Structures are given as structure tokens and as C-alpha cells.
Amino acid sequence: MRLIYEKSRAGRRASRIADPGVPAADVPAALARRTPPRLPELAEPEIVRHFTELSTRTFGIDTGFYPLGSCTMKYNPRINERAVGLPGFAALHPYQEDDGAQGALELMWRLQEMLAEVVGLDAVTLQPAAGSQGELTGLTLMRAYFADRGEDRTEVVIPDTAHGTNPASVAMAGYTLVRVQTDQRGNVDVDDLRGKVGERTAGLMLTNPSTLGLFEERIVDIAEIFHSAGALLYYDGANLNAVCGISRPGDMGFDIVHYNLHKTFSQPHGGGGPGGGPVAVRRDLEQFLPVPTVARDGDTFRLDHDRPKTIGKVRGFGGPFGVFVRAYAFMRMWGPGLRDMSEAAVVNANYVLARLRDAYELPIDRHCMHEFVVSARVLKREHGITALDVAKRLMDYGYHPPTIYFPLIVAEALMIEPTETETRETLDAFCDAMVAIAREAVEDPQMLKDAPHTRPVSRLDEAEAAKRLLVRYGFADHPTSE
Amino acid sequence: MRLIYEKSRAGRRASRIADPGVPAADVPAALARRTPPRLPELAEPEIVRHFTELSTRTFGIDTGFYPLGSCTMKYNPRINERAVGLPGFAALHPYQEDDGAQGALELMWRLQEMLAEVVGLDAVTLQPAAGSQGELTGLTLMRAYFADRGEDRTEVVIPDTAHGTNPASVAMAGYTLVRVQTDQRGNVDVDDLRGKVGERTAGLMLTNPSTLGLFEERIVDIAEIFHSAGALLYYDGANLNAVCGISRPGDMGFDIVHYNLHKTFSQPHGGGGPGGGPVAVRRDLEQFLPVPTVARDGDTFRLDHDRPKTIGKVRGFGGPFGVFVRAYAFMRMWGPGLRDMSEAAVVNANYVLARLRDAYELPIDRHCMHEFVVSARVLKREHGITALDVAKRLMDYGYHPPTIYFPLIVAEALMIEPTETETRETLDAFCDAMVAIAREAVEDPQMLKDAPHTRPVSRLDEAEAAKRLLVRYGFADHPTSE
Amino acid sequence: MTFTSLTDSDLNEMLGTIGVSSVAELFAEIPAGVRLDRRLDVDPALTEAELWAHLTELAGRNVDTGRELSFLGAGMYDHYVPAVVDAVMQRGELLTAYTPYQPEMSQGTLQAIFEYQTAICELTGMDVSNASGYDGTTVAADACFVARQTTGRERVVVAQTLNPQVRQVVRTFAPGFGMEVVEVPHTGGITDPDRFAAACEGAACAIFPQPNFFGCLEPAPELAAAASGAGALAVAHVDPMTLGVLEAPGAYGCALAIGEGQSAGNHIAYGGPHYGFLAARAEHIRKLPGRIVGETHDREGRRGFVLTLQTREQHIRREKATSNITTNQTLLAVAGLVYLSWLGPDGLREVGRACLSLAEHAKGRLGLPLAFDRPTFQEFAIRTGRPAADVIRAARKLGVHPGHALGRDYEGMDDVLLVCLTEKRSAADIDRLAEVLAEVGAVAA
Amino acid sequence: MTFTSLTDSDLNEMLGTIGVSSVAELFAEIPAGVRLDRRLDVDPALTEAELWAHLTELAGRNVDTGRELSFLGAGMYDHYVPAVVDAVMQRGELLTAYTPYQPEMSQGTLQAIFEYQTAICELTGMDVSNASGYDGTTVAADACFVARQTTGRERVVVAQTLNPQVRQVVRTFAPGFGMEVVEVPHTGGITDPDRFAAACEGAACAIFPQPNFFGCLEPAPELAAAASGAGALAVAHVDPMTLGVLEAPGAYGCALAIGEGQSAGNHIAYGGPHYGFLAARAEHIRKLPGRIVGETHDREGRRGFVLTLQTREQHIRREKATSNITTNQTLLAVAGLVYLSWLGPDGLREVGRACLSLAEHAKGRLGLPLAFDRPTFQEFAIRTGRPAADVIRAARKLGVHPGHALGRDYEGMDDVLLVCLTEKRSAADIDRLAEVLAEVGAVAA
Ligand SMILES: Cc1ncc(COP(=O)(O)O)c(C=O)c1O
Ligand SMILES: Cc1ncc(COP(=O)(O)O)c(C=O)c1O
């Protein structure tokens, strides 16, 4: 379809702006804009049609099953969208004085309390904008913690199964990365680990359940190893959907935890965001949390900026408030039933696993948590069909593909996370499709290589994109297509 | 796709209802329900997916061009949808006392005033639910008017071009129908008319511009004929979009007018409704209007129920208030510019007419107003291609077909109404498609007979539907398909 | 330009193609005498931002059920409308499409209507339902027209306990149908089957409510029998939200079941738009007004849905049609379907039970004399010892709207207040109502 | 069950297929010691209706810009957000999809981002833009990281007139990047190019605002030249809503242009979510953080869009990545695109002009001494003769929020009030502000 700029015609517009009825002012000529930006010029009807058509070329959870591993693509309740639209939330200025924002502050405070209880830690900052920023915030808290104790620790340990944001965050936080291996059962290799933890060790970053969808069986020993070395444990909360009300990171021994509100607590993913990455810490790390925090005095709530040892700010204001409204609403609707939510997620995942284990290779034979990883290695070896081919073919069956090629330690990985909101019928139909595709790999591999066959476009040439680097519309000079 | 009942599973549900926390009461056993209704049982995620998928199988104005003649399928501004959602409108009880509904009453009063000015009449009732109910209301007002004068008039004159609702309304109002012919220029045949108007004549129902999209050139003479016979003129406002601010029914001599708020004033059509069919009348008919009317005393507004000669009520309460909010919003955004709106509608229609007049037969060669009618008669005679075939084939080009086989006096009629909200590019592309189809009719008529080729279903068997009369899901006994 | 795209250059080129030199030429055929020679005398155009400010100001001057503790019902019920309903109604394709004349373009709308028809049949225990009528009043007039055409008879019997607005609308249109209307007065708050039977002799149809306008439960089976016994079509006017608890009209022999759909999935919205429903036994299908969707197949044998029995309708049958209706209330009916799907059978029963139980609790808690000592559903009529209108005015000053004054429509009931409870109200709200009623001097006379 | 579909029979059959006899078995690998042996201690679950009542109550205790005449700006601007923006954001497919890792499933999102990137490039006069950053503060830290990797230098220069929150965030993360931060104090409300030039010696980048936090217009071209001259990347932090009137950073030689997107199409929403934008000259593209969408073709030669240059990113480059970001602010950025499309170039200029003109008018009308006698845009700082914080508190009692107290972040400015005008305010509103300020004793000292 055409770009909105290709639909633009000089002189058309949707907006009408009222004349303010005061003398027209202007800026000094030296600072004035010379050539106007070429924004689209369309009447409102064409704008609505354009974005309506774009939406129909996008597959969302509302469209169908979206088992994108590690992303927890669960249903997003519509009441949450109604809630963020309340003027008292949507039109509240963040510099409003506290006595004019009591409702918002109470909501944030209550959310902090619920989040703390879910992970079993003492204090929460809602400020980080997403999981990866939660990581950077957590690592920055580590720095502050050790600096405060006058300790100079430079290394952070990460398992080879870690998500890419972990090492990236370590680097951005100025730490040196130390890698630890994964053992045969998919756990952190504790023997390998011992040798890598010492007085230079600031801490560990761990996802539990791991990115293999497996619970870290030796988590207690691991915590012991780090704590006895005076180091801290950081919990990457991306997989929290598996254990709400079942097992708490704080009880496992983690000192710092980040949440992904857009995963576990259903903030819609919006095609790539927004998200929310609150961070919870143990009591003795609380003093370093970003400002402002939300404090309670009896029945009133306030933003507390006066924290001498704070690391500062990691994002504007108190964080993505609209995301808090949705997460709060979601948690209030589940209440203590959050445990049932996680159980359903784990049951669904194990069911799909059980149905696929014969058709696809299961690298580690254990019950999974909320997601699991299978490999297309055999299909590749015997029929030349890769995880990518399987993913593309799934599109023809009407499903969004799983996460592929992650974690890196599993060849031809397909990481499948059904979430708790899918019906058994949907899971069965998906499993049937996966099994059928495994059969197609044998009978008609080329057809899989050519997949997808039913989308608005067929496989796209990513190399060409990287070569041409056409990353904006070029107007008159833009190459014509279609 | 499956029916929502086919997706239902016992024990599932979306709703949770709070226990009221008072002793449970029940109804007398004799009146209690024995077998529960088999409503769908689904969790919320499946409900959202079901209706999302249904929406993608529906073509709306937001999807594309919808030149459905006589229906004025113009763009529906999104601000109107935001407006009806305001709690002060959406959650206002119609039995609220007037002093607690001043905003709503003022809106209705202002809407009445604007509507009256647009048609050049004196008083307006907003109550009728749609155009056809406006007709029945108007005819009932005629009855009351003549009864009040002690006159016994039994006939209503209608041109052969009239929309089906006109004769149907005449019958339901207890009047006898008298048909008048259309002359060569598409006007009412005035000579034929004279002979049909007398003391038994209650009035005329006329659409102007007519359903041929032509302005009634002798409207002044026509009005004179009826008025001198003591009869009244009723204006079917379905085509008002052509003449806002350009020519007013009241000035033409009409005594009663209905509006279609869902056409001219952009209430979304909702797949078949809701609509709004206010009726405006000349001063001496005002006393008969339905109760309540909205009255103004200085700065306050009230519902007036005390109207001795009222015909009563034609619908509940004051009418479809949400429709009033949208129509009011729409009219306030155009203001006096409503004239520009109608001019644009007429320019667009004449442009399409000019581009199609060679490819399709134009029964009457005049400039059209907001819509026009062409005939596929030649295509049918020479290639067996009917208006229906052309309509179905247009779907493959991505357009909703025009209205077909109406008005009845034009064989193989295609009634095309582009409205003012379409771009010239859209009109050009549509004309190209129409011309291409005329060519296809010659080159590959069978392909047209088999159209549409690109919709979720191909041509549906209406005879089978009328024979089987399967008008509800039959659960266990329902015939299985797909 | 917000809603149009006609630039000056577009206009000039298009006029060129049309072959005129000015827009005015296009209107040359309009007789000079009837051309408007001035701009319309309406307020100047507002920008969207100005309009929004204006509308929020207007809405702000309405006291909605969120700003006042309201016990108003009387035909419009303040049930909770879940967010999914609004979300579906805002899907542009469903919102901006029209009547599905071209089924291949509108399978979504058609299937939704088919599913709606099924839900209405399930609720009412009937065989067929149309795609919706305008509201709960006009479907009563529709029912009379059906009866007129079916029985050839000319009398309509209505129970006086039927919603006054419904009766008014029937009275407005009956003469046009060539029918007269007879009302059967209530006996102690309900309709006496014998008096009803007597009136039904020779009648085309007889319409009674369940529950009735006083909130009381009618002896519906007996009333239906009385009508049928006299050869009149028995028509029950029911509230869909009661049908998880109360028996379905189809189960006690009604020919038609009609009602106001608002309570099931529509915001009260100061009276509309809402949907009226009309369901019937199979034998009446060819006489029903309005759209009916039926199942069929396409050429490849795939299931599909179409408007069926269109030969009943005005665009084909003209003056012989079963009705003049075309635009109906599809979007609101679909909202009803979404809501009923959200509720499911259990939710429907639970909401009904909650309302019923709260009402029973309120009767006791308020301690005011009941106008009628009868079983009720979610509404009941109490005597306030002074004009109910005054009680309402006084109570509203204290932020409580205590209900509807029945004296508006019924002789000798000036001191009768109709109190309504929905699941949105709580025991605490009832305590507050009791407090306020006492405070404003509503006392057991 | 609202959000899950697992009935008892489903569960039993599924457990059977899995080969376990209870759900507990699935968690057997969790060491006993770290299993939670109780229910979570959180409030009981609410129904949707209860939740809605609760949230409305909470929202009702916030005084939003519709309930108070507000002149607050200071980085979050109360412009009118048209209904089309919300309508597009509520399209379920756009709302509930995730990062377009699988382009064939996400052409809509990808094309929208490509169009967004184009709009940002047009606004800023830059060659490339990423798909969005978290907000206007974090993109500043991103810019520092880009500069660190590009220049190898270790100093960040920021003008003190830059939004204090932006400076705070830079200070938080710079140490991790191995960078130190130097601030250049303002001179009479703006940044002196010479002092700025001096600080830029050996710096990796230099960040300055336009307009600045006091509302004043900086000598942006000179500041950019000062930075570039010293071999530092010149980074302008700009408000998109000013760029129809003010020159584009690209036109005065900046290497990067960043800013807070909220003012262009997002509700203020107590601080988020919003989008930060980051645009650059083409030469920096391989160092940019975050997603970038590029155009390409499918096998049939049809145009399509994909995430490109992913080798910059964490999932491939891991600790060598240009950033750790993955989830960004796509939906808010798309809202920005819709809004900018709604405005068009003329609308953008008109809104800017309206704000500017209202601010100029207000300066005169309020008659209070300006803290800085400089050209401004839509905000200006005035001296209130008494602590601004007190003035605000007093004025709010009268229903007017007069602005932001600069003393919160700047030494010696306790009596300085930052007043903001958007196109939503009127001359009458300004009169009201003047009245209230006088009434609360804000006087020319
Ligand atoms: C295991 C893991 N860690 C961290 C992240 C980063 O979280 P975010 O995308 O919210 O920045 C992700 C996101 O997919 C993840 O899957
Ligand atoms: C000419 C004409 N008259 C009357 C009507 C009936 O109006 P409504 O559909 O609002 O009942 C229509 C509707 O299409 C029409 O086109």
C-alpha cells in the first residue's frame, strides 16, 4: 500500500486551529524556520483509512495466537484502555502538586505494594521505562551500593542463556562481563560458577525460570555463592508470569528484581512499546532508588524527592503512569488469584510441549514453566528446513511465529510461550499446525522455503534493506515501487 | 468462520458479578425460568477476537469508497464518537429532572434551531428514530391536521421514482396511494399530476433532489397545485445533502420535512442503524408535534409535555439522543459552511458522472445533484451483464457497490453517490474501475458473472436462504458447514 | 477542509471535466425563487478543540448517574456496560458500514445479526427474531401491525400496567393501522386474567408486560392463555435482563415477545439510541417487520449469511410491505450481543438475582408502605406520604435521586415512588437512600 | 475465568496429556524452600464493575487540566489531542502487536514506523531517526552513548538551561558510560556561546535546548557551531511543536536532534507513557540505539519494510551493542505520526504561532517583571515578588494553576514562576490568570 506521504496533496488538511484572537507574534528572523517540514497533507477521512488499513496489515493478539517466547503475549483487557482514558489520569499534569494528585499517587503506591509482595522484596521504584532500563537501573543501584560501602567491584556474571539486554546492560553500566555455562539439565553450571565468583564480583544477572523455560533448580546454592562473596543477585523478571504466587525471587535470594509490566501485567505491547520496568530491592538498597519515590503519610501520599543517596533519575517524572494504571487494574482483577494465572500459563505451556515433543526435538527433557524451547535441528539436518522456515510457514496457518534462534545455546531454537489466556482448542489447532509443518518439511520442503504464501508480502530481503539503508521517505527522489 | 455459539464451551465466561452481600431473594416458582438460555460461554479474549474477526469481514467507510446511492455514506468524524462517550451524555437517565439535564436539553434545542434554519421551516421534533419513521410521523401529523380542520382526506400522491418507504408509510398511515408519473426530464409529470390532486388529496410525498439525483425543476408549480387544493407537501429529506445552504424545502413550499441524521449529518450507519429522523413543520402544524418537545424559557430549557393537540409519541423519550450529539457536533464543525459541504458533494457526483457517461448509459442527460443514476441496460442486452454483475465485480476492485435496481423506473439502475468526503484520486480510481468493468463485460463476461473473486465468500444463494429459513443457530441440530 | 479534500486545483480540473465554468452552473436548474441568497444563519464553525470544550461544558451541566446516587429505572436500567462492548462498537468497519445489501461485503455484520437473532430467540424462547426495531415502544406498534395482518382483527388490548410510553406509541399509530386500543386497568398492581380475557374477545393482539411498570410480576402464563384463548396474539413485553431468572415468554405460549434492549448492553444515554427486539413463533415469520438474516451457501459451498425474506420489505413490496422500516438499530443490537456473550447464561442469572435481592432488601430497609404487596423483580412502588415529585426534588438536593414519580402517568398515585435497584447499587447505597428519604420527610402516612 | 479458558474438564484432560496427575507436579522442581506456601497477601479480586468504580474514584481525586485553569508546562505541554489519535491507538491490531520481528506479520506497524521516522527527519532536518526512545530524558543519555562510541571522548557538556530532569538522567548514566558531565551555567537566561565553546574543548558531545527550560530562545546556531568547532557532537534538545516556526536543528549544523515527543500527540498522563525521539545525520546511523525500519522488497518485488541494521542491537551484538533497548515507545510514536499528519505543515505552524502569540500577549497582560528579557516561545519566567510555591498554592485555591516554580531546580529563583501558554488557552484565560495573580499578591517587587 502507499505511504501516507504518497497520499499527501498540497493544500489538504485535517486540522483547523482557532485564531487565538491576540496580536500575532513571531520569533527573531535569525531563528525562524526557512523551509517547512513536509508533513503529510490529508483530510481526516484519508487519515482514518490509512491507519485502518495499516492495522489490517498487522497481526496482534486480538487477531490470533501469538506464542512469541519470552514476550508473554497475553490478552490485554479492554477495561484497562477505558481506565487510562479517564480525564483524571490522561489530563493530569506531572507537575501538579501532590494534593491535586492524590488519586494517582495512591494508585502508584498501591501498585508498589502489590509488586513488592509478588516478588517478596521490600521497596519498589516504578520509574524505569522497560525491562532493559530496569536492568540498567538495577546495575546502577549495584554500583551505588558498593560505592557506598567503599568496595570496588567490576564484574557481573551472566549465564550463556541470557537475553541480549543483559550483557548490553552490563556494558552500559560500565561492568565487565563474566559468562557462566549451562549444564546438561539446563541449570547454571554451579561448578563453572564457583570459579568465577570472587571479590571482584558485583553480582549475578539471572532469569528464573530461565530463557529455556526451566526453573533454576540450584537457585539456593547459587544465591549462597554470591552472597557469601559479598555480591548481589539481580533477577530479570521477564519470566515472572510463570511463578506469581508460586515462588518469589526475594525468597530465592535475589536482591534486585525488575518487572515487565507489559508482559506479566498486560500492558498492551503497542507494536513495540510502551512498557514498564519497575525495580524492587531489598531494604538496604532502598536508599539508592531513583527519585521521586511515592511515600505514604497516613492517608495522604506524596512524591519524595529528598533522598540523599539516590542514583538520581532514570526517566522523566514518576515513570509511565498510563502503564501503571493498566498494570494496577490487571492486578486488582486477579488479586490473590495471580497464582491461578501463573498455573494456567504453566499448564498451557506443558500441554503444548507434550503435544510437540515427538515432532520436534526437545533439548532438555524436563517439565517447563510458562514457556519452552524446542529445536528444528533435525529438520534442518535431514530436510534443510530451518527454524525460520517453520516460523514463516506457521503464518500460513494463521499464527504468529514463536521466538526463534533464542536462546543462543540451542541450535534452530523455537521458543514457545502460549500464556494463560489461550483456549485449549487454540493450543490444539496450533499443535496440529506444527505437526503438519514437520510433515511438510519431509514431503514438500520447497513449499516451506517459499512460505509465507498468504501474507500481504512474501519473505522480505533484509540484506537489501541493510544495503540500501532507505530509512525515510525521499519524496521526489524516492525510488518508486509497486 | 465459526459462529460464537460454535466457540462456546460450558463453564467458560467473561463476566464476574459481585455478590450483592444481601440475603438472596427469588421469584415465585411458577414464574421462574426452567431451562436457561443458551447464551455463548467464552472468556473475554475469545469475545474480542471473535468480533475483531467479524469486523475484518465487513467493509465500512473506514475501509474504503462506499458510493451507495441514496444513503450518503460520508466519513464519520471520530470526535463525535468521543463526544457521545462523555458520562454527562452516556450515563444521563432520560427521567432525570430538567434542571439536572440542562446541557442535554440545550444541545437538543440548539440542534432543533439549526435543523429548522437548514430547511426553512418553523418547528422541529427530534423524536423519530429514522427516516421512515419520520415519514410515518409526518403522515400522522397530516391526519391530525386535517382531522382538526374537520376535513376528510384519504389520498397521498407519490411519484413512481419514490423510495419504497414512502408507499409503505402511506399504507401504514392508513392513506390510499396515488401514483404520479415522471416525465422525460426526470421531473414529476405535472400534467399527469393535475388530474390526481383534488379535495380527497391529503398531500404529496416528494424527494428533492429526486431519487434520480435530479432537482425537481417545477417544484414551485407543484407546490401551488397542492396548496390550492388545500393539501400539504411532505419532503423526504434523504437527499438533503445536495442542497444544504443552497435551497430550502420550506422555501420550495414544503410543509413537512424529515431529515436523515445518519445521512446528511453523519451519524455512523452502524451496519444498519441507528439513525435519526427528525421532522420539521410549518408553524400551523407545530401544535400536533409529538411530546415531549424541547422548549426554552430564557436561559433554561425544559421538556414540554403539555400539548393538547399532540399526536402523542412516536418513540420513547425525546428520541435517540446519542444521534443528536453526533449530528449537533457535525453541524457545529461546518457552521454556515454546510453550503460548501453540499457543493463539494455535488461537484464530486458530477465529476464521476462526467467520467462514466460514455461507458454507461445515462437515462436523462442533466447535471446531477449529489448523486446520479446510470443504466447497465446496454451491457445486459449486448453481453448479458447486469447491474448486479457490475456491482459484484466492483468488489474485486476494492469498492463497495452503488445502490442497484433503484429507482425502479430505470432498468438495470446503478445509483452512485460519492459524497463530499472523497478525494479526487479515489473518484478517478473508481471511474477507472467502472470503465474497466464495462470493457471486461465485452471481453470476459463469464468472469463478471463469477465475481466477486476476492471476498471471503463468493456469490451467495439467496433462494436457498429463503427456502431453508435458517434464521437462528440450532445448536446440536444445526446443519454443519465449512 | 477537515472532511473534504477538494483543493482549488482539484476543483478547477474537475469543473473542466464536467464542462462547467463554475460551481453555480451545477445548480442552474434550481428555480431562482427557491435558491437561498444568503449564508445559513447558524453559529460560526468551531474547530475540533473548540467543539470539544463546548460539548464538555454541556455534558458537565447534566447530572448523570455517576454524579448522583440514582434509583431511577422505569424502563431504562443503569446496569454496568463492560468495556468490551464499547471496544467492539468502535471497530470502524462495524461502526461505519450500512445495511448489508451486498452480503459478500458484509459477512461480519450479517453473522453478528444472525448471532443476535439467536440470542434473542434463546432469551425469549421464540423461534425467530428480526434484526432489531427502533426501541421498546415501536416494537409494540410493530406487533400490532403483525396482528392486524395476521388476524384481520382491529382491536389491540394493552394492560394498563404496560410502560406508559409504550402505550402512547401504540395509541399514536393504531389508527393508521385501522385499529382501536383498549386498556385493561390494573387490579392491585397487576392485571387480572379474567378482566384481560374479557377484553381479548375479538382482539387482534393483547400486550402485557413482565415485570410490569410498577415492578410487579404479572401472572404472565394466565394472561397469555387469556389472549390465545380468545384467538388474539399473546404479546409479552419483557426486560431481557430478567430472563435469566424469569420464565421465557415462549414457554408460556406467547405468539410474540418484544421489549426494550437497552438494559442488555446499551448505555442509558438520555433515551437512546437503543434497540427494540421482536421475536415470534415460526409461523409468523412472513409477517414480521424489518430485516431478517438467514444462513445459506456460496458457490463453493461455504457457509454465508444474507438478508432473507426481503419480499416482506418496503423496497420490494412497497405499500404491501409488512413495515416501512429500513434503517434499524443494528449497532446497538450487536452491542447487546456482545454484552450477552460477556454475561453468558450464568452472568445473566447472577445479575438478575443481584438486582432482585437488592430490591427485596431495599423494601425492608426503607420501611415505607408498598403501593402493591406483590412479588416484584428489581423495582417496587412505595407510598411516600407526600407528593413523590416533591420527595424527588428534595432528595436530589442531598445527592440522591430516589426514583420515578408514578403520578406522572397514573391517576391517584401522586404519592407513589418507583424505586429501582441494579447490580451497580449496594446495601450501603440503600442505607443512604433510607436516610435521605427519612430526612426529606417521606413517611408512612 | 474472565481472562482464562481452562475449565475443569480441560484441565484434567490436559494434565493427562502432559502425564501428571496434578498441577503441583509441574512445579515439583522448585525447591521446597522457595515455594510460597500461602496465597499472595494482596486485596481480593475485583469484578470489572467494582474496579471501574474504584478507578473512577481515584481519578476523581486528581485535579486535571480540565478541572483547573492550568498554565503548567515545563516539559509537558497541554496541547489538544484530536480524537483520530485515540481512535487509531485503539485499533486492536496496532495496540496488541509486539515488535515486528516477523515483518510479514507486521507490515502495518513497520510502515507506520517508517512514516514516523520520516516525520521526525522532516521536523528536525535530519537524515535518519530511530523508531523512538523511552522519553525526552533517556534519549539524551542515548546521545551521550552515541558520542562516546563515535568520538572516543569522555566528557559531556550540557547547558544548565536544559530541562533539569534531562540533566539528571544524563548524570545518572554517564558514569556507567565512562563519562563525566560538565554543566554550563546560563547567562541572563540563555547560554553564552563563548562559555559553551570553552566547555566543549575535548568533549564528546554538547547538549543544548531550543527553546530552553526558561522558555527563552537560545542562540542555537552559535551553540551548535561552538560544539562542532570543538569536535564535539552538537546535540539540540527540541520541542517538536515549535518546529513549524523555529529553525530545524539540521539546518544549523547539529549532529543529533533529540526531544520529548509528548507535546506532539500524547496526552500528558501524569508523565507518561510518551515517546522520545532521536534523529541524526546519516553518518551516525550505525551508532544509533534502538530500532530502525528500512525499506526493501519481497520475492515478487513488492515493497515492504523490515527492522534493519539489527547488527547494532543487543540481541545480536550483546555487550557490544549500541544500546540495551528493545521495548521502545512505538505506539506513542505512531500516535505522534497520526497527530502530525492531522496537523500537516500548516497546522503545525499555526499551533506554534498561536502559543507564541498568546505567550507574548500574556507577558504584557500580567504586567509582572520578566526574570529574563529575552525572546521566548510559549513559556516565560516572571518574578512574583514572593515565593512562587506560595503563589501557586494560593492561586490553586482559586482554581488556577499559574505555572511551575523554577526555584525547585534553580538557585536563587524561588520567586520565579514559569508560565506556559498552549493553543488551548485564551485571552480570557490570561485575564483570569492576571486577576488571580494580583489577588494572591504576586506583585512587581
Ligand atoms: C528475558 C528478557 N530479559 C529482558 C528483556 C527486556 O525487556 P524489555 O523489552 O521490557 O526492555 C526481555 C524482552 O523481551 C526478555 O525477554
Ligand atoms: C429516498 C429515501 N427515503 C427514505 C429512506 C428511509 O430512511 P431511513 O433508512 O432512515 O428509514 C431512505 C433510506 O435509504 C431513502 O433513501
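Chain letters run A, B, ... following the sequence lines, proteins first and then strands; every chain starts at 1. Source: prediction; values computed, not measured.
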Are Arg472(B) and Glu122(C) close enough, and set up right, to give a salt bridge (charged side-chain N to carboxylate O under 4.0 Å, His left out), and what steps lead you there? CA-CA 9 Å; Arg472(B) 55 159 296 174; Glu122(C) 282 296 314; 2.6 Å; yes
Most heavy-atom pairs under 4.5 angstrom with chain C, which of [options]?
{"options": "Ala354(B), Pro268(B), Ala171(B), Ala91(B)", "value": "Ala91(B)"}
{"options": "Pro320(B), Pro77(B), Ser132(B), Gly174(B)", "value": "Ser132(B)"}
{"options": "Met252(B), Glu343(B), Glu81(B), Glu53(B)", "value": "Glu81(B)"}
{"options": "Asn76(B), Leu136(B), Leu338(B)", "value": "Leu136(B)"}
{"options": "Ala466(B), Ala344(B), Ala173(B), Ala83(B)", "value": "Ala173(B)"}
{"options": "Ala329(B), Pro290(B), Ala30(B)", "value": "Ala329(B)"}

Atom [atom1] of [X] and atom [atom2] of [Y]: how far apart are they, to the nearest 0.5 Å?
{"X": "Leu460(B)", "Y": "Glu462(B)", "atom1": "CG", "atom2": "CD", "result": "7.5 Å"}
{"X": "Thr140(B)", "Y": "Ile311(B)", "atom1": "OG1", "atom2": "CD1", "result": "5.0 Å"}
{"X": "Leu92(B)", "Y": "Leu86(B)", "atom1": "CG", "atom2": "CG", "result": "12.0 Å"}
{"X": "Glu464(B)", "Y": "Leu470(B)", "atom1": "CD", "atom2": "CG", "result": "9.0 Å"}
{"X": "Arg303(C)", "Y": "His297(C)", "atom1": "CZ", "atom2": "NE2", "result": "8.0 Å"}
{"X": "His361(C)", "Y": "Ser426(C)", "atom1": "NE2", "atom2": "OG", "result": "9.0 Å"}

Could you tell me which portion of [X] (side chain, backbone, both or neither) has an atom closer than 4.5 angstrom to a non-hydrogen atom of chain C?
{"X": "Val170(B)", "answer": "neither"}
{"X": "Met73(B)", "answer": "side chain"}
{"X": "Leu31(B)", "answer": "both"}
{"X": "Asp19(B)", "answer": "neither"}
{"X": "Glu44(B)", "answer": "side chain"}
{"X": "Pro452(B)", "answer": "side chain"}
{"X": "Tyr95(B)", "answer": "both"}
{"X": "Asp26(B)", "answer": "both"}
{"X": "Thr52(B)", "answer": "both"}
{"X": "Ile17(B)", "answer": "both"}

May I have the step-by-step check of salt bridge (charged side-chain N to carboxylate O under 4.0 Å, His left out) for Glu350(C) and Arg13(B), ending in yes or no? CA-CA 12 Å; Glu350(C) 289 168 17; Arg13(B) 63 185 293 179; 2.8 Å; yes
Kindly state whether the ring of [X] and the ring of [Y] have centres lying under 6.0 angstrom apart.
{"X": "Phe27(C)", "Y": "Phe215(B)", "answer": "no"}
{"X": "Phe89(B)", "Y": "Phe321(B)", "answer": "yes"}
{"X": "Phe406(B)", "Y": "His163(B)", "answer": "yes"}

Is there a salt bridge (charged side-chain N to carboxylate O under 4.0 Å, His left out) between Arg39(C) and Asp340(B) once you walk through the steps? CA-CA 10 Å; Arg39(C) 296 291 275 181; Asp340(B) 311 326; 3.6 Å; yes
Would Met341(B) and Lys74(B) satisfy side chain to side chain contact (heavy atoms under 4.5 Å, CB included), going step by step from the backbone distance to the final call? CA-CA 11 Å; Met341(B) 170 190 87; Lys74(B) 61 175 66 178; 3.4 Å; yes
Do you know which of [options] has the most heavy-atom pairs with chain B at a distance under 4.5 angstrom?
{"options": "Ala251(C), Ala97(C), Ala248(C), Ser5(C)", "result": "Ala97(C)"}
{"options": "Trp52(C), Tyr101(C), Phe177(C), Tyr270(C)", "result": "Tyr270(C)"}
{"options": "Ala427(C), Pro31(C), Ala359(C)", "result": "Pro31(C)"}
{"options": "Thr138(C), Ile392(C), Val34(C)", "result": "Val34(C)"}
{"options": "Gln117(C), Gln329(C), Glu115(C)", "result": "Glu115(C)"}

Can you say whether [X] sits under 4.5 Å from chain B via the side chain, the backbone, both, or neither, judging by heavy atoms?
{"X": "Val245(C)", "answer": "both"}
{"X": "Asn328(C)", "answer": "both"}
{"X": "Leu94(C)", "answer": "both"}
{"X": "Glu57(C)", "answer": "neither"}
{"X": "Phe145(C)", "answer": "side chain"}
{"X": "Glu104(C)", "answer": "both"}
{"X": "Leu46(C)", "answer": "both"}
{"X": "Thr137(C)", "answer": "side chain"}
{"X": "Arg396(C)", "answer": "side chain"}
{"X": "Glu68(C)", "answer": "side chain"}
{"X": "Arg171(C)", "answer": "neither"}
{"X": "Asp78(C)", "answer": "neither"}
{"X": "Ala74(C)", "answer": "both"}
{"X": "Leu243(C)", "answer": "both"}

Over all heavy atoms of both residues, which pair between Gly136(C) and Glu260(C) is shortest? Give the atoms and the distance, please.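 Taking every non-hydrogen atom into account, N-OE1, 2.9 Å.
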Considering all heavy atoms of both residues, which atom of Ser247(B) and which atom of Ile30(C) are nearest to each other, and what is their separation?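 Looking at all heavy atoms of both residues, the closest pair is OG-CG2, 3.9 Å.
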Hey, does Thr330(C) have a side-chain heavy atom less than 4.5 Å from the side chain of Thr109(C)?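 Thr109(C) vs Thr330(C): side chains touch.
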Arg291(C) vs Glu313(C), test: salt bridge (charged side-chain N to carboxylate O under 4.0 Å, His left out). Steps then yes/no. CA-CA 8 Å; Arg291(C) 315 290 183 189; Glu313(C) 297 191 59; 2.8 Å; yes
Any sub-3.5 Å donor-acceptor pair from Thr421(B)'s side-chain atoms to Tyr75(B)'s backbone N or O?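 Yes, the answer is positive, given that a donor and an acceptor are paired below the 3.5 Å cut-off.
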